[in-house]
Amino acid sequence: MENISARDFYRLWIDTVTENKAELLGLWRNPTEFTYYIKGSDNSIISQIGHKMDLKTYEQDYYSIDTVFYKQEDLVPHLAEGNFWFRDIRIAFEHENSFNNKLYQEVSHLLITNCDLRVLVAYPPSDTPIGTLNSLHEIIKGNRNSKTNSDLENFLLIFGYENQFSWEGFIYKQQGWKEIN
């Protein structure tokens with residue numbers, strides 16, 4: 001898949017987490033194991049999504065980016081096997097279990113990462129937190145590339161809720177968040 005859109009990523013996320021619903025619900029209240037199942041395990045949600053997009057994933061934190069989606073040609077050439085230095089990143093993915101703690105840091109970090117798509121998944125304690133959405137929007141809107149991010153629709157927020165195993169997706173637009181239906 002070339003230049004995956006925020007909508008396409010969201011649909012793949014929904015499909016993949018739904019396929020893994022029983023495992024995710026079983027781990028939901030254990031943040032360490034839950035995160036490991038999302039990113040890092042042999043059959044993580046992220047690796048499954050990468051496979052569906054025909055992209056490789058590096059899930060070991062790269063300059064504090066939780067996961068990098070890439071193609072083989074994005075690696076610096078002539079590196080010894082097992083070394084990962086990127087000259088391009090397709091998708092930067094952040095996963096944040098601590099909703100009220102690091103969201104602003106994660107959004108800021110994604111804003112300064114050069115990639116085709118920025119994705120942040122977080123887990124609000126209740127229904128869509130409008131105040132938090134507004135604050136995150138203000139952070140992005142203050143970036144000098146906010147119009148480009150809006151036009152390209154390349155900043156995606158995904159909120160997950162344990163109750164009824166539900167998900168919401170939001171794409172950054174200059175005038176406000178656009179919910180994905």
Side-chain angles (χ1 to χ4, degrees), residues 1 4-62 64-70 89-110 113 115-137 139-140 153-172 177-181:
M1 230 179 238
I4 187 160
S5 72
R7 281 180 186 76
D8 290 340
F9 188 97
Y10 181 70
R11 283 187 204 103
L12 285 170
W13 177 268
I14 295 299
D15 290 348
T16 306
V17 295
T18 300
E19 292 163 6
N20 293 270
K21 180 178 179 178
E23 293 87 347
L24 288 168
L25 284 174
L27 299 170
W28 198 284
R29 293 182 183 249
N30 183 331
T32 302
E33 288 185 36
F34 185 80
T35 297
Y36 184 65
Y37 194 75
I38 296 290
K39 63 164 219 89
S41 67
D42 289 340
N43 193 31
S44 70
I45 298 297
I46 290 303
S47 64
Q48 292 176 51
I49 291 172
H51 180 74
K52 291 174 182 178
M53 292 186 302
D54 199 27
L55 291 174
K56 297 177 181 289
T57 58
Y58 184 79
E59 303 177 43
Q60 300 173 19
D61 288 352
Y62 186 75
S64 298
I65 300 169
D66 287 346
T67 299
V68 170
F69 290 79
Y70 68 98
I89 296 173
R90 305 305 165 126
I91 301 170
F93 177 88
E94 294 285 358
H95 182 259
E96 187 52 57
N97 277 329
S98 183
F99 187 80
N100 293 318
N101 191 21
K102 291 188 173 183
L103 285 184
Y104 303 107
Q105 176 182 333
E106 301 290 21
V107 167
S108 296
H109 190 212
L110 286 170
T113 302
C115 57
D116 297 334
L117 179 63
R118 295 155 186 85
V119 179
L120 171 59
V121 175
Y123 306 90
S126 59
D127 290 344
T128 306
I130 300 303
T132 301
L133 277 173
N134 291 339
S135 295
L136 296 177
H137 189 271
I139 292 169
I140 299 168
E153 295 189 341
N154 68 2
F155 203 110
L156 171 64
L157 289 180
I158 300 173
F159 289 161
Y161 304 92
E162 180 182 19
N163 187 22
Q164 300 175 17
F165 196 75
S166 60
W167 302 88
E168 294 178 302
F170 301 93
I171 298 172
Y172 172 80
W177 291 102
K178 180 192 230 178
E179 188 166 2
I180 304 172
N181 298 322

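Side-chain atoms are counted along with the backbone in the values below, which use heavy atoms only and exclude waters and symmetry mates.
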Next on the checklist: Can you confirm if the aromatic rings of Y123 and F34 lie within a centre distance of less than 6.0 Å?
Outcome noted: yes
Item to check | Heavy-atom side-chain proximity of T35 to D66 below 4.5 angstrom | outcome: no
Checklist entry - Side-chain contact, heavy-atom cut-off 4.5 Å: F93 with I46? => result yes
Next on the checklist: Using only atom types and a distance under 3.5 Å, with no angle test, would you say the side chain of D8 pairs donor to acceptor with the backbone of I4?
Outcome noted: no
Checklist entry - Between Y161 and F159, what is the ring plane arrangement, given parallel below 30°, perpendicular above 60°, and tilted in between? => result perpendicular
Checklist entry - Within the distance-only criterion (no hydrogens, no angle test), does the side chain of D116 pair as donor or acceptor with the backbone N or O of I91 below 3.5 angstrom? => result no
Checklist entry - Got a donor-acceptor contact below 3.5 angstrom from the N30 side chain to the E33 backbone? => result yes
Next on the checklist: What I want to check is whether the side chains of T18 and D15 have a donor and an acceptor closer together than 3.5 Å.
Outcome noted: no
Checklist entry - Is F155 close to L110 at the side-chain level, that is, under 4.5 Å between some pair of heavy atoms? => result yes
Checklist entry - Do any N or O atoms from the side chain of W177 and from the backbone of L133 form a donor-acceptor pair under 3.5 angstrom? => result yes
Item to check | Test log, rule side chain to side chain contact (heavy atoms under 4.5 Å, CB included), inputs I180 and I171 | outcome: CA-CA 7 Å; I180 304 172; I171 298 172; 3.7 Å; yes
Item to check | K39/E94 ion pair, N-O < 4.0 Å | outcome: no
Next on the checklist: Between R118 and T113 (side chain of the first, backbone of the second, donor and acceptor by atom type, cut-off under 3.5 Å), is there such a pair?
Outcome noted: yes
Item to check | Y58 ring center within less than 6.0 Å of F69 ring center | outcome: no
Item to check | Side chains of I139 and S108 in contact at under 4.5 Å (non-hydrogen atoms) | outcome: yes
Next on the checklist: Let's go through I49 and H51 carefully: what are the C-alpha distance in whole Å and the side-chain angles of both, what is the deciding distance for side chain to side chain contact (heavy atoms under 4.5 Å, CB included) to 0.1 Å, and is it a yes or a no?
Outcome noted: CA-CA 5 Å; I49 291 172; H51 180 74; over 6 Å; no
Item to check | Donor on one side chain, acceptor on other, S166 and Q164, under 3.5 Å | outcome: no
Next on the checklist: Ring-plane angle category for F9 and W13, please: parallel below 30°, perpendicular beyond 60°, tilted otherwise.
Outcome noted: parallel
Next on the checklist: Between S44 and E59, do the side chains contain a donor N or O and an acceptor N or O under 3.5 Å apart?
Outcome noted: yes
Next on the checklist: Between K102 and Y104, is there a side-chain heavy-atom distance shorter than 4.5 Å?
Outcome noted: no
Item to check | N43 side chain to Y37 side chain, donor-acceptor N/O pair below 3.5 angstrom | outcome: no
